[in-house]
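Just so we're on the same page: letters track the sequence lines, and every chain starts at 1.
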Number of protein chains: 2
Amino acid sequence: MIDPDGPVPVYRQVADLLAARISSGELAPHRPIPSESTIVQEYGIARGTARRAVALLRERGLVYTVPQRGTYVGQPES
Amino acid sequence: MIDPDGPVPVYRQVADLLAARISSGELAPHRPIPSESTIVQEYGIARGTARRAVALLRERGLVYTVPQRGTYVGQPES
DNA sequence: TGTAATTTGTACGTATGTATC
DNA sequence: TGATACATACGTACAAATTAC
């Protein structure tokens with residue numbers, strides 16, 4: 001699933017995989033995406049890398065994070 | 001200079017200090033800001049924290065980074 | 001021409017704090 | 001109380017590109 005040795009950074013690979021899960025509808029609007037710990041386990045990566053992937057999705061406007069709560073699909077203020 | 005135990009994150013304290021050095025003219029447009037290693041030594045912080053501080057300045061549009069070269073005051077396209 | 005140093009980029013691991021549930 | 005989840009911060013290591021010598 002993840003190629004740690006490829007030219008594409010792992011955090012971007014993970015972000016793209018999560019983005020695909022959002023596009024497919026598996027992760028629906030205003031529903032939480034997997035937690036950092038879950039992402040770490042699912043993809044076998046470090047926590048810092050998982051955080052970077054989520055940060056990238058946030059920059060893309062695909063998700064929003066509520067501190068100490070979780071990260072959700074879509075945009076805040078519903 | 002840096003208060004590691006205060007409510008303000010270290011990376012933001014460092015970013016603000018660097019921003020002040022830019023405002024004062026000590027760091028002039030299109031001149032490099034201190035390297036990550038230098039920032040680490042100057043402020044006694046970890047490199048990851050220094051990188052976050054620089055990333056914050058980048059988000060604020062105060063600096064731009066040229067990979068493998070350095071980070072410079074102002075905006076690209078000179 | 002070749003080598004070493006510099007600098008940013010990526011990735012991992014660990015620890016602690018704070019807020020929520 | 002305890003578990004969960006994000007925020008911050010430390011340290012370490014290696015890669016890639018540029019620069020200096």
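Between A/Val10 and B/Thr38, the one whose closest nucleotide on DNA chain C sits nearer the 5' end is B/Thr38. Mapping B/Gly70 and A/Ala50 onto DNA chain C via the closest heavy atom, the residue that lands nearer the 5' end is B/Gly70.
The residue A/Gly48 sits apart from the nucleic acid: no heavy atom pair falls under 4.0 Å. In this structure, A/Ser37 reaches neither bases nor backbone, as no heavy-atom distance under 4.0 Å exists between it and the strands shown.
When DNA chain C is scanned 5' to 3' for any atom under 4.0 Å from a heavy atom of chain B, the first and last hits are C/dT7 to C/dT10.
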Distances for protein N or O near nucleotides 17-19 of chain D N or O, under 3.5 Å:
from	atom 1	to	atom 2	distance (Å)
D/dT18	O3'	B/Arg69	NE	3.4
D/dT19	OP1	B/Arg69	NE	2.7
D/dT19	OP1	B/Arg69	NH1	2.8
D/dT19	OP1	B/Arg69	NH2	3.1

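In this structure, the CD1 atom of A/Ile39 is 12 Å from the C1' atom of D/dC6, given to the nearest Å. Rounded to a whole Å, the CZ atom of A/Arg51 is 14 Å from the C1' atom of D/dC10. Atom P of nucleotide D/dC6 and atom CG of A/Leu57 are separated by 13 Å, given to the nearest angstrom. Between B/Glu36 atom CD and D/dT12 atom C1' the separation is 15 Å, expressed in whole Å. One atom, CZ of A/Arg47, and another, P of D/dT12, lie 20 Å apart when rounded to the nearest Å. At whole-Å resolution of the value, CD1 in A/Ile33 and C1' in D/dA5 are 12 Å apart.
Residue A/Ser35 places at least one side-chain N or O under 4.0 Å from the OP1 or OP2 atom of D/dA5. In terms of phosphate contacts, B/Thr49 brings a side-chain nitrogen or oxygen within less than 4.0 Å of OP1 or OP2 of D/dC10.
Remark: C/dT1 base-pairs with no nucleotide; criterion is Watson-Crick or G-U wobble with both hydrogen-bond distances under 3.5 Å.
At a threshold of 4.5 Å between non-hydrogen side-chain atoms, the residues B/Ile39 and B/Leu18 count as touching. A/Leu27 places none of its side-chain heavy atoms less than 4.5 Å from the side chain of A/Val63. When side chains are defined from C-beta on, B/His30 does not count as touching B/Val73, because their heavy atoms never get closer than 4.5 Å.
Taking a cutoff of 4.0 Å between a charged side-chain nitrogen and a carboxylate oxygen, B/Arg60 and B/Asp16 qualify as a salt bridge.
Residues satisfying the side chain to side chain donor-acceptor pair (under 3.5 Å) criterion with A/Gln41, sequence neighbours excluded, are absent altogether. Residues passing the side chain to side chain donor-acceptor pair (under 3.5 Å) test with B/Glu59: none are found, sequence neighbours excluded. In this view, B/Arg51 and B/Glu36 satisfy the salt bridge (charged side-chain N to carboxylate O under 4.0 Å, His left out) rule, not counting sequence neighbours.
Checked options A/Val54, A/Val40, A/Val10; the residue passing with A/Thr49 is A/Val10 (criterion: side chain to side chain contact (heavy atoms under 4.5 Å, CB included)).
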Hey, can you pull the donor-acceptor pairs under 3.5 Å for the side chains in residues 65-72 of chain B, sequence neighbours left out?
from	atom 1	to	atom 2	distance (Å)
B/Thr65	OG1	B/Arg58	NH1	2.6
B/Thr65	OG1	B/Thr71	OG1	2.7

